[in-house]
*Asks:* 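First the structure, then my questions, so here it is.
Computed from heavy atoms alone, side chains included, the values below leave out hydrogens, waters and symmetry copies. Bear in mind that the values here come from a model prediction, so they are computed numbers and not experimental data. One is the number of the first residue; the rest follow in order along the sequence.
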Amino acid sequence: MTEDVGSTVPRRQLGRLLRQFRTEAGVTLDAAAEALEYSRQKIWRIESGLGPVRVLDVKAMCELYHVSAEMTEAMRGLAAETKSKGWWHAYGDAVPSWFELYVGLESAAAMLRRYDESLIPGLLQTRQYAQAIYRLDRPTSSEDDRERAVEVRLQRQSLLTRRLPGAPQVHQILSEAVLRRVVGGPRVMTAQLRRLLEVGDLANVSVRVLPLSAGPPPGAVAGSFVVLDFPATKGGRAAPEPSVVYSESLTGALYLDKPDELHAYEDAWRGIAALALDEGESRDLIKRIIGEMQHD
């Protein structure tokens, strides 16, 4: 029986990493079990994210697989968090800032359901919009550092057209306020709105707008959030990984995966989706806003 202890998010990410490094090192499950004097079942459970993991075990496995000291430290941080009842990922804390858990989850997801009420999300941003955001968010950073951050953001967008594994389904709902909030000037903003129209043409992407006239949606206190749903396992031998809700703040990011938490956000998503315009109406509104900006 799966241990109901702590958040499954760090367990699953840690398991994926350990399995990846073992495979890259050319070590079989049986060979790892023999070298570490563990049972084969124990290693399999750790790699499957089925329970909390001792930091000591991660250290031993990393040594066997010749994992770098920096990555070992990051994975030790994840191991410590597998015993937590909830998981608050503070950038630059136990897990280094370069180690972005969300990006790994996003890459593994089969479907993303996003609601954004402040800004266009990174997956849909143009270079100029992203540059304008980083100039606001990182005023003391060098231009080179900001440009590197923009490049990373743009590289993530290949997820939308990925072939192997197949690109995830992306259901994006944007508050109308996001479309009318000018970032980088009218020219940058109109180009960004056209980008939304282009991305909305992809078979796996839906872009819808929650109009201001609809009033506040149910669960409005939640703010912007993403629900990540994961694919079924090959052959259906095991249940798919449970969904995860991701919500970002100024100083960190919250990962939620307990049944009651997921239920609350599922309800919020359904409420928002019920009030949002359909895809065709949303395209018409985006085009109308583009026309208004061009004539201002």
Side-chain angles (χ1 to χ4, degrees), residues 2 4 6-13 15-16 49 81 84-89 100-125 153 156-157 159-160 162 165-178 196 199-200 202-211 214 216-233 238-250 252-279 282:
T2 301
D4 187 21
S7 170
T8 64
V9 176
R11 296 204 304 254
R12 290 181 345 221
Q13 184 72 353
R16 272 194 290 266
E81 296 296 346
S84 301
K85 292 186 177 179
W87 201 56
W88 180 269
H89 179 75
E100 296 188 12
L101 175 58
Y102 175 74
V103 175
L105 292 172
E106 181 183 69
S107 180
M111 182 166 67
L112 306 172
R113 290 174 286 166
R114 295 195 58 115
Y115 170 62
D116 289 274
E117 61 177 20
S118 298
L119 296 169
I120 305 290
L123 276 182
L124 307 181
Q125 289 178 5
R153 176 161 292 186
R156 277 177 53 212
Q157 296 179 2
L159 179 79
L160 299 176
R162 186 178 66 191
Q169 292 292 316
V170 178
H171 299 278
Q172 175 71 61
I173 299 178
L174 295 162
S175 167
E176 183 182 343
V178 174
L196 291 180
V199 174
L202 295 173
N204 59 308
V205 179
S206 166
V207 177
R208 299 172 61 198
V209 179
L210 178 66
V221 68
S224 300
F225 62 90
V226 190
V227 182
L228 300 99
D229 302 302
F230 299 94
T233 56
E241 293 184 354
S243 299
V244 174
V245 173
Y246 172 82
S247 179
E248 198 168 286
S249 76
L250 190 61
L254 189 63
Y255 295 84
L256 307 170
D257 58 5
K258 296 174 185 174
D260 58 335
E261 295 168 336
L262 291 172
H263 181 72
Y265 277 87
E266 290 280 0
D267 282 348
W269 173 262
R270 281 192 291 270
I272 291 166
L275 293 174
L277 302 175
D278 65 27
E279 290 182 55
S282 297

*Asks:* For V178, run the side chain to side chain contact (heavy atoms under 4.5 Å, CB included) check against I120, V209, L196 and tell me which one passes.
*Replies:*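 For V178, the side chain to side chain contact (heavy atoms under 4.5 Å, CB included) check succeeds only for I120.
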
*Asks:* Is there side-chain contact between Y115 and V227, with at least one heavy-atom pair below 4.5 Å?
*Replies:*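 They are not in contact (no side-chain heavy atoms under 4.5 Å apart), so the answer is no.
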
*Asks:* Yes or no on side chain to side chain contact (heavy atoms under 4.5 Å, CB included) for F225 and L256, after CA distance, side-chain angles and deciding distance?
*Replies:* CA-CA 11 Å; F225 62 90; L256 307 170; over 6 Å; no

*Asks:* Using the side chain to side chain donor-acceptor pair (under 3.5 Å) rule, pick out the option among Q169, Q172, E266 that qualifies with R113.
*Replies:*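 Filter result, single survivor: E266.
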
*Asks:* Backbone N or O of Q125 within a donor-acceptor pair of the Q157 side chain at under 3.5 Å?
*Replies:*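 Answer holds: yes.
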
*Asks:* Go through the steps for R114 and D116 under the test salt bridge (charged side-chain N to carboxylate O under 4.0 Å, His left out), then give the verdict.
*Replies:* CA-CA 6 Å; R114 295 195 58 115; D116 289 274; 2.9 Å; yes

*Asks:* For the pair R16 and L105, evaluate side chain to side chain contact (heavy atoms under 4.5 Å, CB included) and give the outcome as yes or no after the intermediate values.
*Replies:* CA-CA 10 Å; R16 272 194 290 266; L105 292 172; 3.4 Å; yes

*Asks:* Look at the side chain of R162 and the backbone N and O of P165, then say whether any donor-acceptor pair between them is shorter than 3.5 Å.
*Replies:*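 Side chain of R162 to backbone of P165: a pair is present.
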
*Asks:* To the nearest 0.5 Å, tell me how far L119 CG sits from L174 CG.
*Replies:*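 Interatomic distance, L119 CG to L174 CG, rounded to 0.5 Å: 10.0 Å.
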
*Asks:* Please walk me through it: do V170 and L124 pass side chain to side chain contact (heavy atoms under 4.5 Å, CB included)?
*Replies:* CA-CA 11 Å; V170 178; L124 307 181; 5.6 Å; no

*Asks:* Specify the closest pair of heavy atoms between S118 and S224, including all atoms of both residues, with the distance to one decimal.
*Replies:*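 Reported closest heavy-atom pair: N-OG, 4.1 Å.
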
*Asks:* Taking all non-hydrogen atoms of both residues, which atom of G200 and which atom of V207 are closest, and how far apart?
*Replies:*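 In terms of heavy atoms, the two residues are closest at CA-CG2, 4.1 Å.
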
*Asks:* With rounding to the nearest 0.5 angstrom, report the OH to CG distance, Y246 to L112.
*Replies:*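 It comes to 12.5 Å.
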
*Asks:* Looking only at heavy atoms, which two atoms of W269 and H171 are closest? And how far apart?
*Replies:*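 It is CH2-O, 3.4 Å.
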
*Asks:* Counting C-beta onward and ignoring hydrogens, is there a side-chain heavy-atom pair between P218 and L275 closer than 4.5 Å?
*Replies:*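 Touching, per the 4.5 Å side-chain cut-off.
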
*Asks:* At their closest point, which heavy atom of D257 faces which heavy atom of S243, and how far apart are they?
*Replies:*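 Reported closest heavy-atom pair: CB-O, 3.7 Å.
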
*Asks:* Looking at every heavy atom in both I173 and A273, which two are closest together, and how far apart are they?
*Replies:*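 Taking I173 first and A273 second, the nearest heavy atoms are CD1-CA, 3.8 Å.
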
*Asks:* Using every non-hydrogen atom in the two residues, find where S247 and A222 come nearest and quote the distance to one decimal.
*Replies:*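 Nearest pair, atom of S247 first, then A222: OG-O, 4.4 Å.
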
*Asks:* Could you go through E261 and V245, starting from their C-alpha distance and side-chain angles, then the distance that decides it, and tell me whether this counts as side chain to side chain contact (heavy atoms under 4.5 Å, CB included)?
*Replies:* CA-CA 8 Å; E261 295 168 336; V245 173; over 6 Å; no

*Asks:* Any side-chain heavy atom of P211 sitting closer than 4.5 Å to one from L277?
*Replies:*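 Yes; the side chains approach each other to less than 4.5 Å.
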
